[in-house]
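Have a look at the structure below before the remarks.
When reading the values below, keep in mind they use all heavy atoms of this one structure, side chains included, and skip hydrogens, waters and symmetry mates. Each ligand, and each atom within it, is numbered from 1 in the order the structure gives.
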Amino acid sequence: MMAESRHYRALSVETLPDRLGGVAEIASKIGGDASSWKVREVGDGNLNLVFIVAGASRKVIVKQALPFVRLVGESWPLPLYRAFHEHNALVRQAVRAPGSVPEVLHYDEPQAMIVMEFLERHVVLRRKLINGERVAGLASFVGKFCARTAFRGSELSMKSADKKADVGLFSGNVELPAITEALVFTDPYHDAEMNNHTAGLDPVVARLRGDAKLKTKAQRMLQRFASNTETMMHGDLHSGSIMSTATRSRAIDPEFAQYGPMGFDIGMLVANFLMAYFSQPAHRGEDASSYQEWILDVVEESCAVFESEFRRLWATERSGMLYPRALFEDQGHDSMPACEAVLAGIWRDAWSTCGIEMHRRCLTLAHNADFEEIEDVALRARLEARNLMMGAALVHADGDVAGGAGVCEIARSFNERDFL
Ligand code: SR1
Ligand code: MG
């Protein structure tokens, strides 16, 4: 532990070698003299400092929470203890979905700092999607990561007492889920202070905000998000929270982790794939369609893998208090119909979350680069309108969607329409 670590101080490129060089556990891993380390600040997210530190032995990532929202500034304070929940989430994800997250090398609670494995040659997935790059095995990664963390973080797998203790620990993560409660679930549907949207979208925005049934359904999902503790969610699983090479992927950044609905993570991630899909005509022009179809293949296959992995875990790892073998297999009763009913509930939450996420990324504070980088404002508005209207269709569907394939069919039809 650093002598100075009693008092939090934000790191900088200049101070990092001196401050971390004295921490034997970190310095020995990085290797060489700290004064020769090469340090770059690469944080492109909305909240934290992220450094790549290269020494004689290896590169590491040093992630440090800032006491405010980086995107907005010091006027929006944010507690440092979120690093504690991120650390705890990474540790659990590494056990529940082995190989899917960066290895934690060191954690310093007072400095709100996590030192972790540098993911060699990995690039943020959102950038790859904007660039039109394909990632082999992406759907398998997504489906398995979401199914394993959902199943193994629930009472389908965990002992009831362990699960309650964990829910208690993560219920201390207050302010970050509160951002989601406002920015994701509520602000898209009214004229909230920090909202902004692309010029020209007003008619579509008015349609959404004038739709009381839509708002009721979005609030139903917020109620589920806030008061249902089915599993430990990543909590912010968008395409900026996955890093990939051409053949490998990892999930990063689980600082929004809390216990919540099992369908939340996969729903949010599919929304980000769909936004990548709708934005492609601006990035690829006439050649967009084959890459768009690849994105839809990823969506359909991710959902199929999620289901098959969830069913496999149900059959082989159901050792928690829910749906015990004593009630089913031990009495000669097939438990798979119960599994299908649980999956149907997961998808209902997933598709609602998906539609709401498609709204918030175009209407509230934190937009996504897939649309934001489109300079032609009229084109951006036209593509965002398709995305917004499909989001409304998903929320209205109340889970009555023909699975991942059905969602892809809906996307194809909205991709042909104009709403402005
Ligand atoms: C003020 S934080 C805005 C967004 O950035 C994070 O990555 C989450 O997605 C959050 O909603
Ligand atoms: Mg993040």
> Between Arg92 and Leu169, does a side chain to side chain contact (heavy atoms under 4.5 Å, CB included) hold up when you go through it step by step?
Replying inline: CA-CA 12 Å; Arg92 283 157 181 72; Leu169 186 144; 4.2 Å; yes
>> Ring centres under 6.0 Å, that's the criterion: do Phe306 and Trp347 meet it?
In response: yes
> Is Leu71 near ligand 1, meaning one of its heavy atoms is under 4.0 Å from it?
Replying inline: no
> Parallel, tilted or perpendicular for Phe151 and Phe310, by the 30°/60° rule?
Replying inline: perpendicular
> Step by step, would you call Lys63 with Asp108 a salt bridge (Lys or Arg N to Asp or Glu O under 4.0 Å)?
Replying inline: CA-CA 10 Å; Lys63 178 172 180 180; Asp108 182 328; over 6 Å; no
> Salt bridge check: are Arg382 and Asp418 linked by an N-O gap of less than 4.0 Å?
Replying inline: yes
>> Are His359 and Tyr189 an aromatic pair, judged by ring center distance below 6.0 Å?
In response: yes
> What atoms in ligand 1 come closer than 4.0 Å to a heavy atom of Asn46?
Replying inline: 3 (C), 4 (C), 5 (O), 6 (C), 7 (O)
> Once the angle between the rings of Phe145 and His234 is folded into 0 to 90°, is it parallel (under 30°), tilted (30 to 60°) or perpendicular (over 60°)?
Replying inline: perpendicular
> For the Mg ion (ligand 2), which protein N/O/S atoms are closer than 2.8 Å?
Replying inline: Asp253 OD2
>> With heavy-atom distances below 4.0 Å as the criterion, list the atoms of ligand 1 near Arg360.
In response: 9 (O), 10 (C), 11 (O)
>> Please list, in number order, the atoms of ligand 1 under 4.0 Å from a heavy atom of Ala366.
In response: 3 (C), 4 (C)
> For ligand 1, is any non-hydrogen atom under 4.0 Å from Arg361's backbone (N, CA, C, O), its side chain (CB onward), both, or neither?
Replying inline: side chain
> Where the closest heavy atom to atom 2 (S) of ligand 1 is concerned, which of Leu47, Leu237, Thr180 has it?
Replying inline: Leu47
> At a 4.0 Å threshold, what atoms of ligand 1 neighbour a non-hydrogen atom of Val69?
Replying inline: 1 (C)
> Any donor-acceptor pair under 3.5 Å linking the side chain of Asn228 with the backbone of Glu230?
Replying inline: yes
> Can you check whether Phe371 and Phe278 have ring centres sitting under 6.0 Å from each other?
Replying inline: no
> Would a distance-only check, ignoring hydrogens and angles, find a side-chain to backbone donor-acceptor pair under 3.5 Å from Lys163 to Thr229?
Replying inline: yes
> What protein heavy atom is closest to atom 7 (O) of ligand 1, reported as residue, atom name and distance in Å?
Replying inline: Asp236 OD2, 2.8 Å
